[in-house]
Every structure is written in structure tokens, then in C-alpha cells.
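Data first, discussion second: the structure below is written as C-alpha cells.
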4 protein chains.
Amino acid sequence: MKHVAVFGAGRIGRIHATNLAAQSGVQLKYICDAVPAAAADLAQHLGAQVADIDTVFADKSIDAVAICSPTTTHSDLIARAAAAGKHIFCEKPVDLSVQRAEAVAQAVSAAGVACMIGFQRRFDPTFNEAKTRLDRGDIGNPEMLVITSRDPGAPPVEYIQQSGGIFRDMLIHDFDVFRWILCGDGDRAAWLSATGSCLTDPAIGKAGDFDCTAVTIKTVKGRLCQINTTRRAAYGYDQRFEVIGSKGMLQCGNHRPSEVTQATAQGTAQDNPEAFFLQRYAAAYRLEIEHFFTQLQNGGSFRTTVQDGVDAQILADAAAQSAASNQIITF
Amino acid sequence: MKHVAVFGAGRIGRIHATNLAAQSGVQLKYICDAVPAAAADLAQHLGAQVADIDTVFADKSIDAVAICSPTTTHSDLIARAAAAGKHIFCEKPVDLSVQRAEAVAQAVSAAGVACMIGFQRRFDPTFNEAKTRLDRGDIGNPEMLVITSRDPGAPPVEYIQQSGGIFRDMLIHDFDVFRWILCGDGDRAAWLSATGSCLTDPAIGKAGDFDCTAVTIKTVKGRLCQINTTRRAAYGYDQRFEVIGSKGMLQCGNHRPSEVTQATAQGTAQDNPEAFFLQRYAAAYRLEIEHFFTQLQNGGSFRTTVQDGVDAQILADAAAQSAASNQIITF
Amino acid sequence: MKHVAVFGAGRIGRIHATNLAAQSGVQLKYICDAVPAAAADLAQHLGAQVADIDTVFADKSIDAVAICSPTTTHSDLIARAAAAGKHIFCEKPVDLSVQRAEAVAQAVSAAGVACMIGFQRRFDPTFNEAKTRLDRGDIGNPEMLVITSRDPGAPPVEYIQQSGGIFRDMLIHDFDVFRWILCGDGDRAAWLSATGSCLTDPAIGKAGDFDCTAVTIKTVKGRLCQINTTRRAAYGYDQRFEVIGSKGMLQCGNHRPSEVTQATAQGTAQDNPEAFFLQRYAAAYRLEIEHFFTQLQNGGSFRTTVQDGVDAQILADAAAQSAASNQIITF
Amino acid sequence: MKHVAVFGAGRIGRIHATNLAAQSGVQLKYICDAVPAAAADLAQHLGAQVADIDTVFADKSIDAVAICSPTTTHSDLIARAAAAGKHIFCEKPVDLSVQRAEAVAQAVSAAGVACMIGFQRRFDPTFNEAKTRLDRGDIGNPEMLVITSRDPGAPPVEYIQQSGGIFRDMLIHDFDVFRWILCGDGDRAAWLSATGSCLTDPAIGKAGDFDCTAVTIKTVKGRLCQINTTRRAAYGYDQRFEVIGSKGMLQCGNHRPSEVTQATAQGTAQDNPEAFFLQRYAAAYRLEIEHFFTQLQNGGSFRTTVQDGVDAQILADAAAQSAASNQIITF
């Protein structure tokens, strides 16, 4: 039986805590949150205790922690968990600063604890099936990747101001998908061009951020990746990618709440995609927690390491720099 | 906290027991099975105890039982549970004999216990969404229903011999869907024609059964329903229906394991449907158990009553009789 | 160069005349119609002459005639064309009376002229591709066929009154598809059950007809076919069939005016099907005329013979009789 | 009756000549080709005469010419046609040199003849329907455009060597689509980044060209466009685009030869896209010729003017320059 504490009782913390509590062989012991009522509510619901951070790290019975608190706390909590000898599951990103993220990666490595970063898309049944087929050679050698990554609506400007910007906050997932899909054989980014606009809400522009972006990456082997994003897709949360190989293409489509098609005089309509990430990636969140404990048990490596977190962050920085400077970045 | 016992630790018993155990406010206390090892294995896995039937019915703390044992035991167990004052969730069918099913329905009614029949399709997210839209008037008044109900492969002939025949074993679900979709306003079957063939395995014919059937039902209001079934769809478990109304059509499509589309020189292919009922109706099984306890709690009525079980059985009998006699049945 | 006359300058006559005029190696010489202005307009548009029937049959230069006049005139015109030694393309049906249709078939045979019946669905690119794959064995041996045949709206009641009823007027195409798809190896109908309702317009019922029907046919080899039809599908002209074989299924979907998908907050919608038969079967009409002349040239047999017309009519009669008498028909 | 001559009896010349010959009110008089046998064959097939260029331009009866000869001849033939007072339909591109293209545009303007460039995608039923809906406001204000433009296989290297490179030869269509879809309200390109790789055939790289490219364009209003192309999509000719607006998205899907779906144990497959441009754009070629003559007749303006040809060429040049220099281009 593994004993676990969760930092953060917000939206994503509740998801992970609930999945942890349902995991066989795992006991959810503590919930920590800066807002005591949030911690208490979640703890009661799942039969756990409220605790403060120090208590968690001091408790020898705790095997692992799940870090679901705000981004600004990630690197510090990882470092402290590593120092305390706890295994770590941490939501993306490791840190908005590549330098700090790298320092944390070293701390984790030095402490010899396991650390997995929550890039949940690698656990989505559709995306993961595509990766399996790609690795099996179903479409030959990968050549191009087109990622469509569109949110149904922008977060509050207050969030955006502290988010590190759209490249670090939203596209971080897409940079990880790029690395996962196109760089599986050791290939890596060689060339990057990014630009953006503010088209949906002037307040986002005032906050110094974009709400629509277009990124192109070329790898050392000459593979091409294009990423298109918007903060506001009126029809919902649009999460697709397609990878073209020498023998074919794999397309990952959206998931829908139901498979009902309604045909009336107005047209023949299917459901829009699952509303947002909590719905779209519900299975992925479940599967990544399962993966975390399975690999802890087996001593196997994680599908998404702390180094993956660092490497995605480097691409996010490069994109931000390219868009700000109107320059192509070469690595 | 409701205390519950499960009869039957086979394929469907494991599903229901697992969902029961995960239900908040519910404690799974007993597992009963004629095969002790099966009961013990499931009980251990879910933290329950093995018990015999008499123990369950004698235990005052037991609020409800879930009957997942073979069809031939259903009516007897329902009757005994009713006599013992336990609420009942029972897998379909109530009984292969309409007469016995009706007697059981009366016993349940007389005992004043709640009894829900496991017609899981009414809880499938896609089918249920279609029903919601139909009731909301999205396609006007329903006029026609086409049900496609195809299994990926036939069960062993030994099973078929005791199944009551394809109409009572397999189409029972489709007769329930017919009633649910076309008879929501009190309409009912007035006319039925059924026929069948044995095309996939001569052993099924020798056992006196069909493996392919075609049923037509007309209601009192003149609505038309066609059901086509086969025991062997080479491409998988095909579970669809479409209902045509005065203002449009609702089509319920299959669910797929992933939304990957693979395009190669050989064609552009999607996944085949979910493999079989355990996969296709995984969400439905979860939702029907949740519904059972929610309605117990609220004192509300079940979406699928014991009378629904009786009425579907009457249609199954009529279909078997029509196909055997080459006669149209009128009600 | 073949010289041709067209009887009938109505909706379907215009289609065939236009396709004839564009056929290389064919000269459209005459247009005949009971309404002189209709004939004149079409003749002028296509560079042909207006003529009466006698002139056409007396003109030795005429090789072939296309009969696109009202149904009641078909058998008489076929008989006269056969007597005059002209090859014949005739719109379905041969005649509403099976007896007269058979007599006409004999007359054609005795005269030694070629006669093709316009069952255009056999020339539709989608349906024809399915047939090709079926014959190639892509899905093994055919076992079941489900035909969806729905019109966007009913014709005027005056038309319905003279149409011979929905089975002879509308389902005649579906009976031909049944024979084409399930009876390709010499199999034939052994058992038929039909019923219908009047749900969309009481005037149709008053005229003694149905507007919704459900037909089941079983063949000598035990294959099953279900046909569902309505005169009023609010979402458009719905023309599909699916055939299930021992190794898989072929589904024929609708054609759409464009492949645009529109995603808004209201849903993700594709175009409704092509509006009606003139649009849906535009390619089929072109290809069947091409087939007619190619086979005339080669001396090959037609894909749709006068005997096919007779045989579809026999099924239509049986369906009408079954629905009227509430009896299953066996052949 | 308009009298027309066609220059070029190759693949595209045959298409246009055939459509011209079928156009009502048009007489195809001459076919010119450097290969006399090609001209003779096509002329005979369509009932036209073989002629040399001087004869065409000297013939006062000729109203218009269709230029379907090799790219290198376009600007010269346009200039001569303009000088001779003939209206002009010319296949894309106007010229591989922007400077010559602009000179030709001025010559056309000075001569007062009408000149339409064959950007056939603007006449494709699907693409055109999307444009109609966009202009109607169905998805609000356009913000992003993603163009997928993939050929089924590369042309011979000899062709590539004289093609002007992939940006001028293949993406010229995509640059025109960008302008058509995103710049309809006077917006225009402000920023362009392009890169490419040679992944499918080293011979293409040796010829100094790419076979895969990724282009991003930002407009003055901040709209974003991404174009991804490959010369070799193993699954066929993939021609799609999607435009995202403030209220939704319009996706243009591929056309398929048939709407058959085949479901077997291997998966559920639809047809791959129409094989190549002659099939995919068959309707578009027909409609653009019809548009040419309708507008000539009405004195209306063309949907694709010689200036559109020049403007697309400017973008192609910029993309080639960006990819060669590893620099972002600003306009």
C-alpha cells in the first residue's frame, strides 16, 4: 500500500485526488491547500486528512506526492519532495523558467526519487493509440505533424497575466506532443518560427499576450511540424493532430459526448467536442495516475519525465522569443 | 449507507459488483455464487464476504440485492428477495416464461419492494441522449425506428440451447428499445411479423434456433419498427438505431475505442466498434447502478421496471411464435 | 451514328434527352410529348425536331427510342417500338400490371429488339461500387440487406392516386435493389411480409395509400432483406443501403452537395443529402444512357432488362397484397 | 456564338477543350500544340481544326483563347492575345517572374481585353460553398486558416527542374486560397515565414527543390494562415482547408469516388480521396469555363483576375526567398 499526499485542491487537484483514491494499492492520506476550506472539503469527500506541507514532508509513511498547486509553487515543491525522498507526480509545467526547471531536474536526479510530469495527452486513448501505431510502423517514417489546439474560451485576464504567456501556458502541451510524435527516434528541434495575434479580446493583448498563434518547427532530420492555436474556438475544445508518414497518415479526432447524429431541415449535425480538458482528458487523467503507480511498482521509467518537462519549456521559450523578436530561432 | 449482496460472480456479476463497490453510500457485503472459487475471488478483490443465499436473505442489514446469476434463477431469486423485503436489481430477463415473469411482477408489487431490470441500453450515453432529444421534441413526433443489433460472434451452442432462443435472449434488448423509443406516450405494439434464418453456423439451426432475424412491429398509432440482427458481424459489435420523426431523424452510432483515422494506400479507416457489450456498455452499466441507488434514495421510479421486463418478454414470445408459425401476430 | 427519339419532355424526359444529346455517336432526332410546347421547348434547346409518335415509328432511320412518358403509356409504347424494330430504353416501371408487363417482355423477346429498363440505382457510382466489391468477394457471401429509402416529401395526391400505390411507385426501386444485391447468384424471394401506415398526410390515406412502409423479404437461401420507407423525411432524400456478408459489411451512404462541415456553438454539421432524385442520381442517369448505347454497340446484355422490370413488379404486387391482407406471402 | 482557340493539347488542355466544346453558345474552332499529333487527335475528337498560333491570332472570328500550354509560354501568349484583341483564359501561373507577370497584367489592361486566370479551386463546389458561407457571416469574422495541400506523388524531376520550385508550382494555388479566404475584405499579407525539407526523394533535393513545406502568413489585420504541403501523400490527393472565425469553423473535406464504407475485421474504411487534380477538380474545371463565358457575356468581372495571378506569385516568391534565406519576410 502506497501512501500519498496531494498538494492543491483546485480543479485539477480534485481530479488527481479522486483518481488516486480509486487506485488499488494506494491510500490517499493528506490534502494540502492554501485555502483550508478547499482542502477540508476534498479531504472529507475522499476520506483523507487535511495537512500542511511540513507535516507531509515530515511523515515517513508518505511514499509519494502529487503536486497540483499553482505553477509558481511547482519547482519549490518538487525540490522539497526530492529532498524528503518522496516520489513525485507534478502537473505541467515544471517551472516557467527553464533554468529553474533544469535545476529541479538535477535535484530530482541527485535525490534518486522518481518524478513524472503530467503531460496528460500522452495518456489520451486516441493520441496514445496513434503513437502505438506510429511506433509499430503502420505509416512508415514520420515526416510532418499538424497540431490543432484550440480552447473553447480564454481564461480570465488575471490568470493570463501570471501564466507565462500562451506559449508557456497553453502550447506547452503541443510542444510535448511534437517531441513525443516526431522525435521518438532521437530527432530534435533545429529551427523554429512563431508568431501570434490578439484577435479575440483586446484585454489579452494589453496583458502582453497573444490569443492566436502559429508555430512551425523543423527537426534535425528535416521533419516539419505546424501548430495552430486559438484561445477561443466558438464550437468548443478542439484537440486534434495528424501525422503524415512515408506510408500514410494517422489523424486523431475529437471525442464527443455522444454518438448521436441529428438530421433536420437545418443540416446533419454531430455533437461538438467534449466541453473542455476535464471532460476530454478524463480517461487520460485516470490512466496517467495508474501509469505513475504501475511504474513506481515495476521500477520502470515514466512516459513523461521531468526532462520532458524541461525540453518542452525550452521550446516554449524559443517560441515566445521568436514571436517577440520576429526572428527565426535555430537550436 | 446501503448494504448490498450480489448473486452471481460471472462476467456480468463482476461488472455490477465492481460498480456497486465504487458507489458512494453503498457497501458491498456479500458475493454469492454456485462456484465457491468464483465468489471468493471476486469477494476478496472487492473487500466483500462470500455467503450463501439463505444467509443473505436472513441478514436484516442487507437493503438490496443484485441478481446476476443465470437466467433460470432470476424469477425465484426475485420472489425470495421480495419476500425478504430486499430491494432488487435484476439482470434481464425476468424469466423466459411470460407467465412466471408476470407472477414475479405481482409478488414484487405485493411486497412493496423496489425492483429494477437491467436493460442497460436505456443508460447508454448515446442512446439516452437520443431519447432526451426525442422527448424534447427535437425531431417532432416519432414515426419509424430502425434497430441494428448485431453481435460479433455467436455464444457456444450449449448456451444457445438454454437461452430461450434468439428472440428471448438477444432481441429482448431491442424489444425494450422499441418500447422505450416508440411507445413513450402510451403507444404499444399492435402487429408483429418475425422471421429468421440460420446462416452462420448449422449447429445453431440444429439447436432449433436462428442466427439472423428480421422483425417488424407496428404500433396502435401506426408507427413502424424494423429490427435486424445477426449473431455474427465480422466487423464487430454493431449497436445502432435511428428514429425518424415528423421533423427529422436521430441516429445513434457505434462507439469506438479511439478516434484515430488511419489513411494509407488501402483506404481511410476508423476503428471498428467497441469489441462487445462489456466495452460498449461500460458507461451504461455504471450509470444504471448509480440510477438504482439514486432512485432508491429519492423514492423515485426506475427507468426500467419489472413491468418493462414483462412487456419485452411478451414481444419476444410473439416474435418467436410468428417466426415458428409463419404468421403475423396481432395484439 | 445512332438516331434516337425521346417520348416525354417532362422532368425525367429532359434528363434523358440531355444525356442522349451529349452522347458521342448518338443523334437525338425527335422529341414527342402530348404537350406540344414542352416538346418544342426541349427540342429547340437540344437541336432536335418535334414529332408525333407515328412519325417516329415510321422513320426507318430511328434506331432506338427512350420512353419517358407517363407510366400508363409504357407497355403500349414498348410493344409498338418492338413491332417497329426499334431498340428501347424505358423508364421504370414496365407496367403497373404484372400480366401486361410479362406480355410486353414476350413481345420484346419475339421482336428481337434490345430493351433496357431505367433502374438508375444500379448505375449510381456508390451503389455500383458496392455491388462490384460484393461480387469480388470483399465481404464474403451476402446474408442480410437493409434498405433505407426515404423521399423528402410526398408528390401531389393526384399523382399518388394514379401511381399504383407506394409499393409499385416508390419501392419498385428497392425491390430491384434487393434482387440486384441479394439474388446475384440465382437466389430469389421465397417469403415476404409488408405493412404500412399513413402518418404524414391523411389525404394519402384517403387515396387508399400508405406513406410509410416496412417490408421484409426472405430468399430461398435464407437471406434476409428489410426495407424501410417514408414519403416525408424532413432532412431530405435519404438513399442508403447496407449489405452484411460473412466477412463484413458494405454501407452505401448519401451523397452531399458539398463536403463542407460547419462547426458552431449549435453543433458540427454536414450538408444534408442531395435534394432529390434528379440531383442524387444525376451521374446514374448519365451512366445508364451511356451503358445503353455501349451495350447496343457491343451487342452485350443490359444490366437492367425488361425481365428485371417484371420481377420487381411481382414483388411490388406481393407487398401490396401482403399489406392489404395482413398475410405473409410465400412464393 | 463565341469562337475559341485552345493553346496546348496536353492533360489540362484536353480538359479545358472538352469543357469548352460542351459549353452552349461556344464553338471550339482551333487547337494548337507544338506536337502536331496531339493537336490533331484532340481536334478530331472535338470536331475542331488544327492551327498554328499565327493563324489563331490573325483570325478575326476568334473571340477568345484558352492558354493551356507550358508555363514558360504563358506571358508571351497572353501579351500576343491582348495585342490581337482576344479575350483570355490562362492556366496558372501568369509567369514564374513577378516582373513579367506584372508587365503582362498591364498589357492586358491597356488592351482592354478580359483575362481570367485558372485558379480552379475557387470554383470547386466544396471550397466555393465555404466561401459563400464565410461571406454570409455564418462563422463571423475570419481569424485563422489552415490549408492542407498534399499531392499523391511527385512529378518527374525533369518537370520539377523547370517548375520554378514547389512554392511557385504547387503552393501557388494555396497562396491564392489564402488571399481568397482571408483577404476578402481588403486585408493582405504582412508577414511570411516559410521552410521546407526534402524527405521523399533525394533527386528533388538535388534539383534544388523541397518536397515538403511549411508556410505561415500573418495579415495586416493579424489573421494567421498555415499551409502544409507534401509532394507524396501515400493515401492520395489531400485537398482540405479549414477557416476559423469568431463564431465557428468551416472545414472543407476531400471528395471521394464513392460513399461506400467497408467494414471488415480489419477496420471500417471509406474511399481515399479522388485520385488527383483531374478527378478532384473535374467539376471546378467545368464551372470555371462556364464562369468565363458567363462573365464575358454579362461584362462582369472574373472571380480570378490576372492581378490575382500576380499577387499569388508575389507570395510564392516571398516564400521561396524566406525558405532559402532562413528569414522572415515582411511586406
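First the proteins, then the strands, lettered A, B, ... as listed; each starts at 1.
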Exercise for the section: Could you check which of Thr264(B), Thr268(B), Thr261(B) has the highest count of heavy-atom pairs closer than 4.5 Å to chain A? Expected result: Thr261(B)
Exercise for the section: Side chain from CB out, backbone as N, CA, C, O: work out which of these in Asn128(B) comes under 4.5 Å of a heavy atom of chain A, or both, or neither. Expected result: neither
Exercise for the section: Rounded to the nearest 0.5 Å, what's the gap from CZ on Arg256(A) to CD on Glu259(B)? Could you check? Expected result: 5.0 Å
Handout entry: Neighbour count >12 (heavy atoms, 6.0 Å) for atom NE2, His45(A)
Key = no
Exercise for the section: Between chain A and each of Pro257(B), Ala263(B), Gly248(B), Ala265(B), count heavy-atom pairs under 4.5 Å; write down the option with the most. Expected result: Ala263(B)
Exercise for the section: Give a yes or no on whether Gln44(A) atom CD has more than 12 heavy-atom contacts from other residues, nucleotides or ligands under 6.0 Å away. Expected result: no
Problem - Toward chain B, the part of Arg240(A) with a non-hydrogen atom under 4.5 Å - result: neither
Completion exercise
Result for side chain to side chain contact (heavy atoms under 4.5 Å, CB included) between Val260(B) and one of Lys131(A), Gln251(A), Glu129(A) points to Glu129(A)
Completion exercise
Rounding to 0.5 Å, atoms NE2 (His255(B)) and NE2 (His255(A)) come to a distance of 12.0 Å
Problem - Atom of Pro125(A), atom of Ser258(B) and distance for their closest heavy-atom approach - result: O-CB, 4.1 Å
Practice task
Please determine, among Asp124(A), Ile139(A), Asp138(A), the option with the most heavy-atom pairs under 4.5 Å with chain B.
Solution key: Asp138(A)
